[in-house]
Number of protein chains: 2
Amino acid sequence: MPTIKDVAKSAGVSPSTVSRVINNHPRISSETKKRVEKSMKEIGYHPNIIARSLVKQKTNTLGLVMPYSTEEAFADPFYSEILRGIGSVAQNKEYSLLLITSNGMKEELEVTLKAVRSKRVDGLLILRARSNDKLLKELKKLKTPFVIVGRPEDEKNNFWVNNDNIESTKKLVEYLIGLGHEKIGVITGDSKYIVYKDRLEGYKRALEDNGIEYNPNYIIQTTGHHGLTTKYTKELLESYPKLTAIFAVDDLMAYGAILGIKELGLKVPGDVSVVGFNNNPLSQLITPSLTTVDINIFELGSTATKSLINIINKEPTEYYHEIVKTNMIIRDSCGGYKG
Amino acid sequence: MPTIKDVAKSAGVSPSTVSRVINNHPRISSETKKRVEKSMKEIGYHPNIIARSLVKQKTNTLGLVMPYSTEEAFADPFYSEILRGIGSVAQNKEYSLLLITSNGMKEELEVTLKAVRSKRVDGLLILRARSNDKLLKELKKLKTPFVIVGRPEDEKNNFWVNNDNIESTKKLVEYLIGLGHEKIGVITGDSKYIVYKDRLEGYKRALEDNGIEYNPNYIIQTTGHHGLTTKYTKELLESYPKLTAIFAVDDLMAYGAILGIKELGLKVPGDVSVVGFNNNPLSQLITPSLTTVDINIFELGSTATKSLINIINKEPTEYYHEIVKTNMIIRDSCGGYKG
DNA sequence: CTGAAAGCGCTAACAC
DNA sequence: GTGTTAGCGCTTTCAG
């Protein structure tokens, strides 16, 4: 593999001149520039990024901290889609992407810190927001730039990009309320994920603003496991047969809920209306098609990446966050309340 | 950030000694080793991987060439799952993962070659097999090690890992035949993907071995777009109402097909049996639950990664490939033929 | 506008 | 078993 020296020789200039043309240095005669470029072509030269990184003390690489749970990713196009969003801007701005995967919280912490300490990455995209996140504390100690996709607990002292989950959920639940529903069950996930907390909060606020009493018994918590969701939904409806609607914090959970409702011999939306969240592409295909909220995953990814690159290069003095808009998508899974 | 020199000073040894303890050099006294390790802890030293890569002329990084189409990834946990498989062995063997994404064939080629030429990666995992793949040719010119997940056209001159799609499909279709079905429609995808070619081939062989005539009119080709799949399925069944079963080369297509069948007022499996492929986690949740083939995605990823690392380090003289087993999963979407 | 020289942080002969 | 030295390929002062 040819190096900058080979090009220099071939073009009859010094290595530093070659470096200058590579880096588009302004003060360089267009003649020598052409000559050098010609030599590079001829020789088949390509700059060695590792060497460049070493001297520049930056890698032009972003680390992507992926959630480790399988269940999370279960049938969920979220990660494919957010990677597309991230990839598109990284590409554009000449950044590479280092994937950081793990099989648990401890490993995640170790592996991520290692990537940072060993200077593999210039910054990190954290693809989840979790309560009491040790990783964030450690990263701050190391002064690594990072952006969280999601809302962190400490909103004021982090860079983050998120949907407005509370407000979006409130709207969604108010849509149900508008249809006449008052007794609305909720299927939610592990409360260590802030996204689920926020959506539950949105639900509460919708009730509150509309003078409906909040009943914690209507809330069930499930995992990514669908069989369980189905089971829990059935149990919920058997305990509280007056429920006329179900709000699931994720479309996948809504699928499980619909199945449970059907297994009880009830109809969707005839007997029970169902809404989900995230607008999984399958939601338009199931029967009935699911009313849900599109969260613009691609944009979540691209916005976070732009932010991170900006933070790396500009070192802003104040923390900030960005909100990506959601759109409610009304389909066939909800009907009016028939007292 | 402390460097090896700082550690050397603090421990009262030379940088090379420090380097030796980092790299577990055999001839080093356990005393100095301890002393150096203590200093590293105290100072908070972590080796700079970039510098190491430069001198060692290898990065301990694997490039992952992701397919670029959105439609592919549509609701498909394939990529989450294969990344898990890849990540688990990469982690284990101390390799990092560089994500290579793109928005089209040309960009994919450019970006991938750039990663190789600029020495960012030691080898590549190509997460798709495509006909007439220019990328493969270029990578061979560059003598980059790479492993394909899927079966490449030129089987003999590549390293690859795949399911036995032909044989697995044959079994699946023979299951339908065993139920009495003879007129079996097929829903397939873009034939530039070899996986679809192979599954079609398996279908043909099943018919052939069982003395059933092959009718190309029973084959329809769709894209990742579900609405289309539904539409095409309806057209197919309207043109050939004698079809009693449908084989879809992917579960997601099977979902579209089932919807189409239902929209025609027919029952699954009462009137038409349906089988899919890949065992998407949702397939157990839909109604009826889908008979399909589990392809062990995690193992596909881990096997490919092990192979690649092996190839990078051992430089084997002969090409080889590995086959990951599949399991047919019988559920409720098929019934006996009722003439 | 261009060249010489130093150095990024680490490893690997080669000495001793 | 440990230190000295050179150098991986590139950028970047500093001269001129």
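Atom set for the values below is all heavy atoms of this structure, side chains included, hydrogens, waters and symmetry mates excluded. The chains referred to below are lettered A, B, ... by the order of the sequence lines, with proteins before strands, and numbering in each begins at 1.
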Which residues within [range] lie with some heavy atom under 4.0 Å of an atom in DNA chain D?
{"range": "residues 34-46 of chain B", "value": "none"}
{"range": "residues 1-23 of chain A", "value": "A:T3, A:I4, A:S16, A:S19, A:R20, A:N23"}
{"range": "residues 53-62 of chain B", "value": "B:L54, B:V55, B:Q57"}

Can you see which heavy atom on [X] is nearest to which on [Y], and at what distance?
{"X": "A:W160", "Y": "A:P152", "answer": "CG-CD, 3.2 Å"}
{"X": "A:E108", "Y": "A:M66", "answer": "OE2-O, 3.9 Å"}
{"X": "A:E94", "Y": "A:N60", "answer": "O-ND2, 3.2 Å"}

What integer distance in Å separates [X]:[atom1] from [N]:[atom2]?
{"X": "A:I49", "N": "D:dT11", "atom1": "CD1", "atom2": "P", "value": "10 Å"}
{"X": "A:I28", "N": "D:dT11", "atom1": "CD1", "atom2": "P", "value": "12 Å"}
{"X": "B:K33", "N": "D:dT2", "atom1": "NZ", "atom2": "P", "value": "12 Å"}
{"X": "A:N24", "N": "D:dT11", "atom1": "CG", "atom2": "P", "value": "12 Å"}
{"X": "B:E31", "N": "D:dG1", "atom1": "CD", "atom2": "C1'", "value": "12 Å"}
{"X": "A:H25", "N": "C:dG3", "atom1": "NE2", "atom2": "P", "value": "13 Å"}

Show your working on side chain to side chain contact (heavy atoms under 4.5 Å, CB included) between B:K197 and B:E153 and close with a plain yes or no.
CA-CA 11 Å; B:K197 278 191 193 163; B:E153 259 176 344; 4.1 Å; yes
If you apply the rule ring pair (Phe, Tyr, Trp, His ring centres under 6.0 Å), what do you find for B:F159 with B:F146, and how did you get there?
CA-CA 7 Å; B:F159 296 103; B:F146 63 91; 7.9 Å; no
List for me each residue that meets side-chain contact (heavy atoms from CB on, under 4.5 Å) alongside B:E299, sequence neighbours excluded, and say none if there are none.
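Result, side-chain contact (heavy atoms from CB on, under 4.5 Å) vs B:E299: B:N296, B:S302, B:T303, B:V324.
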Just to verify, what does A:T61 make a side-chain contact (heavy atoms from CB on, under 4.5 Å) with, not counting sequence neighbours?
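A:T59, A:S96, A:L98, A:V121, B:R120.
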Which residue pairs pass the salt bridge (charged side-chain N to carboxylate O under 4.0 Å, His left out) test with at least one member in residues 28-41 of chain A, sequence neighbours excluded?
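Listed once each, the pairs are A:K38-A:E42.
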Using distance alone, with no hydrogens and no angle criterion, decide if B:S307 and B:Y320 have a side-chain donor and acceptor under 3.5 Å apart.
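The criterion, which ignores hydrogens and geometry beyond distance, is satisfied for B:Y320 and B:S307.
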Between B:S19 and B:S16, do the side chains contain an N or O donor and an N or O acceptor separated by less than 3.5 Å?
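No pair is found: no donor N or O on one side chain lies under 3.5 Å from an acceptor on the other.
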B:S30 vs B:A51, nearer the 5' end of DNA chain D by closest nucleotide:
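The residue closer to the strand's 5' end, by nearest nucleotide, is B:S30.
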Salt-bridge contact A:E107-A:K114 (side-chain N to carboxylate O under 4.0 Å)
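So A:E107 does not pair with A:K114 through a salt bridge.
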Could you tell me whether A:R27 contacts a base, only the sugar-phosphate backbone, or nothing, with contacts defined as non-hydrogen atoms closer than 4.0 Å?
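Result for A:R27 = base.
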